[in-house]
Amino acid sequence: MLVKDVMSEHPIVIGPEASVLDAKEIMKKNKVSKLAVVDKNGVLIGLLTNADLIKVSPSSATTLDMYELGYLLSKMSVEKAMVKNVKTTIAEQTVEEAARLMKDNGITCLPVVNDDILIGMVTQSDLFECFIEMFSTKTPGTRAVVIVDEKPGTLAKLAEAVAAKNGNIVSLVTSDVADARRRKITMKITGITETETKNILVDCGCQMEDIRSV
């Protein structure tokens, strides 16, 4: 799955000359926590988040009244508050690479650009939805986690055994374990019972780590 499959294609944007007060109102009205900052040609030049607004807002200990606070924020431009060196991605990037970029950089979103022109936004929430879809969490079935030998033909053997009992593997993800000679497989199977699933996997030589009906 690629970024273009999960991104929001029309993210809410703001210009650098707009005031911080305007940005706060736009975020509140649209119930968002971040705004992409673009120039008149649609080129991404920054990102403004709630955290950035908090940084430039006067301390709660200030003696200024609400009108004075509003005046100060109305005079401060988005350009002065935004993050300028923004991490970005492209529409053809894989979702797992986008997730890695977010984790490695401690960020919650990635603007999607094409030759610096903003074309979308992918967020943690988008990736959560992708994760839910990839694991077929909305489909009832049996979820099994097993450890198998790391060798060619293992997955084919499991798939054949499940199919022979009229079962259907609707999701399957593999991951590393401490022993490089082995591999963890998480799968969801429909069409057969939890007991039938367990028997099939054990007969195939799998080490059962977890199995449950979901």
Using a 3.5 Å distance criterion without hydrogens, assess whether the side chain of [X] forms a donor-acceptor pair with backbone atoms of [Y].
{"X": "Asn114", "Y": "Ile117", "value": "no"}
{"X": "Lys87", "Y": "Pro111", "value": "no"}
{"X": "Asn105", "Y": "Met102", "value": "no"}
{"X": "Asn41", "Y": "Val43", "value": "no"}
{"X": "Gln124", "Y": "Thr108", "value": "no"}

Tell me whether [X] at atom [atom1] has more than 12 heavy atoms from other residues, nucleotides or ligands lying less than 6.0 Å away.
{"X": "Glu97", "atom1": "CD", "value": "yes"}
{"X": "Asn50", "atom1": "CG", "value": "yes"}
{"X": "Met134", "atom1": "CE", "value": "no"}

(message) Quick test of your reading: applying salt bridge (charged side-chain N to carboxylate O under 4.0 Å, His left out), list the pairs with at least one residue in residues 153-178, sequence neighbours left out, ordered by first then second residue.
(response)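 Salt bridge (charged side-chain N to carboxylate O under 4.0 Å, His left out) check on residues 153-178 returns Asp176-Arg183.
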Do [X] and [Y] sit within salt-bridge range, that is, some charged N less than 4.0 Å from a carboxylate O?
{"X": "Lys24", "Y": "Asp22", "result": "no"}
{"X": "Arg181", "Y": "Asp149", "result": "no"}
{"X": "Arg143", "Y": "Asp210", "result": "yes"}

Looking only at non-hydrogen atoms, find the nearest pair between [X] and [Y] and report the distance.
{"X": "Ala98", "Y": "Leu127", "result": "C-CD1, 4.4 Å"}
{"X": "Ala36", "Y": "Leu44", "result": "CB-CD1, 4.0 Å"}
{"X": "Thr174", "Y": "Leu172", "result": "CG2-CD2, 3.8 Å"}
{"X": "Asn168", "Y": "Val162", "result": "N-CG1, 3.9 Å"}
{"X": "Thr88", "Y": "Leu101", "result": "O-CD1, 4.3 Å"}
{"X": "Leu47", "Y": "Cys109", "result": "CD2-SG, 3.7 Å"}

(message) Using the side-chain hydrogen bond (donor to acceptor under 3.5 Å, both in side chains) definition, which of the options Glu9, Glu92, Gln93 pairs with Lys4?
(response)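 The single option meeting the side-chain hydrogen bond (donor to acceptor under 3.5 Å, both in side chains) with Lys4 is Glu92.
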Can you confirm whether [X] sits close enough to [Y] that some side-chain heavy atom of one is under 4.5 Å from a side-chain heavy atom of the other?
{"X": "Thr94", "Y": "Leu2", "value": "yes"}
{"X": "Pro16", "Y": "Ile45", "value": "yes"}
{"X": "Ile132", "Y": "Lys138", "value": "yes"}
{"X": "Pro140", "Y": "Val214", "value": "no"}
{"X": "Met1", "Y": "Glu96", "value": "no"}
{"X": "Thr123", "Y": "Phe128", "value": "no"}
{"X": "Ile189", "Y": "Val170", "value": "no"}

Say you draw a straight line from [atom1] of [X] to [atom2] of [Y]; how long is it, rounded to the nearest 0.5 Å?
{"X": "Asp179", "Y": "Glu150", "atom1": "CG", "atom2": "CD", "answer": "10.0 Å"}
{"X": "Leu110", "Y": "Ile90", "atom1": "CG", "atom2": "CD1", "answer": "11.5 Å"}
{"X": "Ser77", "Y": "Ile14", "atom1": "OG", "atom2": "CD1", "answer": "10.0 Å"}
{"X": "Ile147", "Y": "Arg182", "atom1": "CD1", "atom2": "CZ", "answer": "7.0 Å"}
{"X": "Lys198", "Y": "Thr193", "atom1": "NZ", "atom2": "OG1", "answer": "11.5 Å"}

(message) Which residue in the set Met187, Lys188, Glu196, Glu194 passes side-chain contact (heavy atoms from CB on, under 4.5 Å) when paired with Thr142?
(response)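 Exactly one option meets the side-chain contact (heavy atoms from CB on, under 4.5 Å) with Thr142, and it is Glu194.
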(message) Among Val78, Leu35, Val13, Leu48, exactly one meets side-chain contact (heavy atoms from CB on, under 4.5 Å) together with Ile26. Which residue is that?
(response)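 One option only clears the test, and that one is Leu35.
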(request) Could you please spell out the steps behind the side chain to side chain contact (heavy atoms under 4.5 Å, CB included) verdict for Val20 and Leu53? (result) CA-CA 7 Å; Val20 167; Leu53 293 180; 3.4 Å; yes
